[in-house]
Enquirer: 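Take a look at this one; I'll ask things after.
Numbers here are sequence positions counted from 1. Computed from heavy atoms alone, side chains included, the values below leave out hydrogens, waters and symmetry copies.
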Amino acid sequence: MLNERLQSIDDTDFVIVPAENSLLFEICNLLMERVAALYLRAIPEFIMKNIRLFAVILLLVPFLSVTGCGGGGSDSDDKNVVEPVRKNMEISGVAKDYYTGEVIEGIRVKLVSMLDGQVVESVEISTDSEGRFLLSYPKILERVTIRGYGVDYGEYSVVINNEDKDDDIDAGEILFLKSHVSSDIDYSSGGDVVYEGISLVSLPASGVVKVGGGVPDGKINVNVTVIDPSVDPELMPGSYQAINTEDGEIEHIESYGAISVVMRDDYGDLLQLDGVHNATIRIPVAKEAVIGQAPATIPLYYFDDVSGYWMEEGEATLEMLESGEYVYVGEVGHFTVWNADIAYESVNINGCVEDGDGNPVSGARINSSGLDYIGSSYAISDENGLFSIPAKGMSKIMLNAVSNAGAISGTQVIYSGVADLDITSEGCIILNPAAVSIELSWGENPVDLDANLWGPKVDGEEEFHLNFESQSVLVDNVIMSLDIDDVDSFGPEIITIPGFPLPGKYRYCVHHYGGGQTIIDSPARVTLNLGDEQIIFSPDSAVGDFLGEDDMWCVFSFNVGGDLKPSIDVEQTVSTYYADYEETERALYLKATKKKKYYK
């Protein structure tokens with residue numbers, strides 16, 4: 001059956017890994033042992049004296065690889081895989097740094113999937129000097145995981161649902177977090193990987209092996225990345241979908257924090273725990289989690305790149321350290337991305353997506369993200385533009401949409417209940433190909449950063465100013481809006497421009513309204529979505545000194561011509577809120593009328 005399904009594949013970039021203890025696995029191992037013993041003999045002698053075995057081997061060539069028979073799942077390497085599988089289609093993408101948007105050379109990338117119970121893997125390649133990669137895949141695969149990691153970057157995976165099996169797939173930009181700590185540990189004695197006073201990983205003595213088998217060469221280099229989904233739920237792979245261990249159904253989870261652990265030896269070979277010894281991990285609790293509501297004991301989930309889902313395995317206990325930090329402590333038998341999660345009862349939000357002319361839009365991606373819980377989900381609109389997206393019940397949710405062509409919608413806030421919610425009566429989500437969105441996010445401190453957009457003068461009046469004081473501005477029948485104003489850390493604050501109403505200059509700046517630390521220490525991050533282009537801005541590139549409250553980080557401007565199409569001028573400057581006006585009457589007026597928020 002498997003061989004019949006593979007006959008349509010016509011290249012050799014993929015391999016099938018037989019499941020351990022399967023008949024194919026046993027036959028493969030027996031034959032390969034026999035072939036290895038006979039290899040030292042002369043070819044004619046081998047053929048004449050083992051003619052029957054030779055005939056069997058020829059018949060089984062479609063199932064064998066000269067490098068071995070595999071076993072052990074997705075951690076197998078080139079020595080452990082068999083069965084050349086032919087490619088049909090291609091997946092491409094670009095690796096970038098999450099905070100700076102800079103391309104990353106040297107990220108190791110591979111594709112992993114499952115076909116008829118067998119693990120399917122591509123060769124592993126490195127991204128080029130432009131951060132790009134190109135991998136092939138059998139078009140019969142319905143769900144593929146792109147797995148990547150780097151010397152200075154944590155592991156991250158993107159799941160691709162291959163619904164249209166006749167088109168190549170552009171995975172777009174895949175964003176990687178830099179590792180927080182890298183430590184060399186002695187193999188024979190084990191040891192701890194410590195970051196900011198927290199022992200994130202405790203390795204056992206003599207408990208680590210090469211993925212392909214064998215003792216590590218030299219020291220064990222342990223790369224650990226702390227993932228705080230408070231900053232951005234999309235930092236987590238897998239779309240918060242898990243497989244229920246009891247009934248095998250898909251369930252949705254919310255996160256209380258995660259870590260990624262990647263180990264290599266001095267020669268760069270990937271390492272894993274040996275299957276006998278366990279390691280201890282300590283996951284810092286997500287900053288946005290309410291400690292009083294955090295479970296004392298929580299299930300641990302690991303991301304399974306073969307299936308593309310989270311799998312529950314073990315549990316962790318909440319502990320307070322001497323520093324006052326809270327961590328979840330648990331033991332694991334292998335390393336990947338580990339997540340402290342709880343499953344929740346989900347409800348469906350049912351709605352529709354249209355273009356500006358009222359036509360239904362099929363194939364649009366609808367995204368939901370919790371504003372009072374840490375989790376996200378997505379759905380794809382059907383041929384009638386209808387969608388049904390899961391979310392946590394009795395929660396505050398952020399909802400938006402984007403089409404395959406890059407048209408985007410505004411972001412709306414929805415409150416779910418105990419039952420499914422139908423929002424079609426309130427109107428469909430509208431996608432606009434000319435729309436622009438600007439998203440500001442940051443860390444725990446400062447507690448409050450504000451997005452600001454200034455636009456050209458209207459009929460000789462003052463230039464318009466979109467911010468928390470004026471969250472919606474109507475200019476020449478175009479409504480520009482600040483969809484969300486966040487005042488308690490992390491964000492996001494999102495400005496949506498459905499189209500530019502007038503030619504002129506539109507300037508985007510971030511104001512440090514309140515709280516300790518600085519914009520650059522936070523760190524803050526601005527993401528500009530313009531059509532199918534995404535640009536990330538970091539305060540690291542800004543000219544000037546970040547001092548604290550009332551800093552103004554001016555990030556970029558739109559220069560809009562007579563055709564109402566924008567070009568981008570990067571500013572990246574830092575000044576104080578009133579610097580442009582100095583000690584003029586206008587500056588004094590602004591200072592006197594600065595609106596106080598409820599917490600000041």
Enquirer: Between P390 and H252, what is the shortest heavy-atom contact and its length?
Expert: CG-NE2, 3.3 Å

Enquirer: Which value, rounded to the nearest 0.5 Å, describes the distance between Y137 atom OH and I160 atom CD1?
Expert: 9.0 Å

Enquirer: Rounded to the nearest 0.5 Å, what separates atom CD1 in I185 from atom CG in L271?
Expert: 12.0 Å

Enquirer: Answer whether the closest heavy-atom distance between the side chains of L175 and E234 falls below 4.5 Å.
Expert: no

Enquirer: Are W442 and I519 side-chain neighbours, meaning at least one heavy-atom pair lies under 4.5 Å?
Expert: no

Enquirer: Think R143 forms a cation-pi with Y309, using NZ or CZ under 6.0 Å from the six-ring centre and within 45 degrees of its axis?
Expert: yes

Enquirer: Taking all atoms of both residues into account, what is the closest heavy-atom pair of S230 and E288, and its distance?
Expert: OG-N, 2.8 Å

Enquirer: Quick one: list whatever passes side-chain hydrogen bond (donor to acceptor under 3.5 Å, both in side chains) with D217, sequence neighbours left out.
Expert: K210

Enquirer: So do T225 and Y156 actually touch side chain to side chain, heavy atoms under 4.5 Å?
Expert: no

Enquirer: Are the side chains of F133 and I174 in touch, meaning some heavy atoms are under 4.5 Å apart?
Expert: yes

Enquirer: Does the gap between the ring centers of Y373 and Y344 come in under 6.0 Å?
Expert: yes

Enquirer: Quick check: do I536 and K96 have side-chain heavy atoms less than 4.5 Å from each other?
Expert: no

Enquirer: Can you measure from CZ (R132) to CD (E105) and round to the nearest 0.5 angstrom?
Expert: 13.5 Å

Enquirer: Do V337 and W310 come close enough that some side-chain heavy atom pair is under 4.5 Å?
Expert: yes

Enquirer: Please tell me if the side chains of Y149 and N223 come closer than 4.5 Å, counting only heavy atoms from C-beta onward.
Expert: no

Enquirer: For T100 and S538, what are the C-alpha separation, side-chain angles and deciding distance, and is it a side-chain hydrogen bond (donor to acceptor under 3.5 Å, both in side chains)?
Expert: CA-CA 5 Å; T100 67; S538 165; over 6 Å; no

Enquirer: Hey, does L111 have a side-chain heavy atom less than 4.5 Å from the side chain of I146?
Expert: yes

Enquirer: Indicate the atoms forming the closest heavy-atom contact of N529 with I408, along with that distance.
Expert: O-CD1, 4.3 Å

Enquirer: Counting N and O atoms only, with roles assigned by atom type, does the side chain of D265 sit under 3.5 Å from a partner on the main chain of G218, one being a donor and the other an acceptor?
Expert: no

